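Remarks on the structure that follows.
Given the structure is predicted, the values throughout are model-derived calculations rather than measurements. So you know, we letter chains A, B, ... as the sequences are listed, proteins then strands, and number each from 1. Below, all heavy atoms of this structure are taken into account, side chains as well, without hydrogens, waters or symmetry copies.
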Amino acid sequence: MTPKEKIVLLKEVLGSRYPNPKSELNYENPFQLLIATILAAQSTDRQVNVITRELFKVAPDANSLSRMELDEVKNLVRSINYFNNKAKNILEVSRILVNEYEGRVPDRRAALESLPGVGRKTANVVLSNAFRQPVMPVDTHVHRVSNRIGVVKTGKVEETETELMKIIPEAWVIDFHHYLLLHGRYTCKAKKPECQNCPLSFVCDYAQLHS
DNA sequence: AACTCGGGGCA
DNA sequence: TGCCCAGAGTT
């Protein structure tokens with residue numbers, strides 16, 4: 001089975017396993033998507049959802065967040081990983097957006113990655129989700145799952161990103177990010193992958209090797 | 001390439 | 001208790 005054929009199968013199988021892949025982290029508002037994604041680094045979606053629900057009541061846009069005190073922001077995000085750094089980062093981000101981008105989220109990679117706390121993955125989430133640009137966000141889950149199944153054979157995440165974009169239709173990028181992410185988180189885990197519960201094991205290079 | 005950051009969920 | 005996590009930044 002070719003990588004492209006596996007992609008078609010993945011969409012079908014994981015699509016039914018993880019219905020409604022559009023998680024609560026996907027906000028219609030680009031600002032809220034950006035902030036939520038910064039907060040999400042090395043944290044769980046549930047942690048982030050609890051925090052953003054309260055945070056965006058107080059600060060739904062860049063202008064309102066930029067006027068908050070650091071201690072106030074810290075208190076709102078205190079239950080998340082690296083909350084000291086992240087509070088500082090999202091406050092700084094909001095002030096940069098207000099001062100340099102008229103309060104809006106930029107739609108260019110260089111501008112996004114220059115923001116504190118925004119790396120390549122977060123930038124790609126914003127570009128693909130909010131601005132519909134054809135870029136694939138690749139984190140450790142997407143990287144690991146893609147390689148185990150055998151849709152790519154790459155050593156570095158950057159390679160995975162470009163290789164996946166060659167075989168995934170642009171319109172599928174956002175859904176695939178969530179499919180591979182959720183599958184990596186809950187089934188195709190780094191340490192103890194549950195191949196016996198995996199609906200893809202029959203086409204998976206890793207499962208064939210470890211069964 | 002290796003290290004730091006570091007709260008909270010879960011076994 | 002110990003292990004590990006929807007990355008990014010620094011050295």
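Contacts classified as salt bridge (Lys or Arg N to Asp or Glu O under 4.0 Å) and involving residues 181-191 of chain A (residues at least two apart or in different chains) are given here: A/Lys189-A/Glu194. Within the structure, ring pair (Phe, Tyr, Trp, His ring centres under 6.0 Å) pairs that include any residue of residues 190-211 of chain A comprise A/Tyr206-A/His210 (at least two apart or interchain).
Remark: P of B/dG7 and CG of A/Asn75 are 15 Å apart, rounded to the nearest angstrom. Rounded to whole Å, atom P of C/dC4 lies 12 Å from atom CZ of A/Arg144. One atom, NZ of A/Lys192, and another, C1' of C/dG2, lie 12 Å apart when rounded to the nearest Å. Look at CD1 on A/Ile80: it is 18 Å from P on B/dC5, rounded to the nearest Å. The nearest whole Å value for the distance from the CG atom in A/Leu39 to the P atom in B/dG7 is 15 Å. Rounded to whole angstrom, the span from the CG atom of A/Asn81 across to the P atom of C/dC4 amounts to 15 Å.
Taking for each of A/Leu115 and A/Ala190 the nucleotide of DNA chain C with the nearest heavy atom, the 5'-most of the two is the partner of A/Ala190.
Atom P of C/dA8 sits at a distance of 23 Å from the matching atom of B/dG9, rounded to the whole Å. Between B/dA2 and C/dA6, the distance separating the two C1' atoms is 23 Å to the nearest Å.
Here the nucleotide nearest the side chain of A/Leu181, chosen from B/dG7, C/dA6, C/dC4, is C/dA6. Picking from C/dG7, C/dA6, C/dC4 the nucleotide with the shortest atom distance to the side chain of A/Thr122 gives C/dG7. The side chain of A/Gln42 sits closest to C/dG7 out of C/dA6, C/dG7, B/dG7.
Near DNA chain B, defined here as any heavy-atom distance below 4.0 Å, the residues from residues 82-99 of chain A are A/Tyr82, A/Phe83, listed numerically. Scanning residues 153-169 of chain A for heavy-atom distances under 4.0 Å to DNA chain C yields an empty list.
For A/Arg78, the salt bridge (charged side-chain N to carboxylate O under 4.0 Å, His left out) criterion is met by no residue, not counting sequence neighbours. Remark: A/Arg95 pairs with no residue by the side chain to side chain donor-acceptor pair (under 3.5 Å) rule, at least two apart or across chains. Applying the side chain to side chain donor-acceptor pair (under 3.5 Å) rule to A/Lys192 yields no partners; only residues at least two apart in sequence or on another chain are considered. A/Lys6 meets the salt bridge (charged side-chain N to carboxylate O under 4.0 Å, His left out) test with A/Asp205; sequence neighbours excluded. Partners of A/Arg67 by side chain to side chain donor-acceptor pair (under 3.5 Å), not counting sequence neighbours: none found. Residues passing the side chain to side chain donor-acceptor pair (under 3.5 Å) test with A/Glu69: none are found, sequence neighbours excluded. A search for ring-ring contact (aromatic ring centres under 6.0 Å, His included) contacts involving A/Phe56 returns A/Tyr27, not counting sequence neighbours.
Side chains of A/Asn147 and A/Lys153: no donor on one and acceptor on the other come within 3.5 Å.
Counting non-hydrogen atoms under 4.0 angstrom, A/Val142 reaches nothing in the nucleic acid. A/His177 comes within contact range of no nucleotide atom at all, as no heavy-atom separation falls under 4.0 Å. When heavy atoms are screened at a 4.0 angstrom cut-off, A/Asp139 is found touching the sugar-phosphate backbone but no base atom. Contact annotation for A/Pro137: no contact, since no heavy-atom pair falls under 4.0 Å across all strands.
Looking at A/Lys156 and A/Glu159, no side-chain N of the basic residue comes within less than 4.0 Å of a carboxylate O on the acidic one, giving no salt bridge.
Shown here for A/Met165 and A/Pro134, the closest heavy-atom pair between the two residues is CE-O, 3.1 Å.
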Can you pull every protein N or O that's under 3.5 Å from an N or O on nucleotides 9-11 of chain B?
none

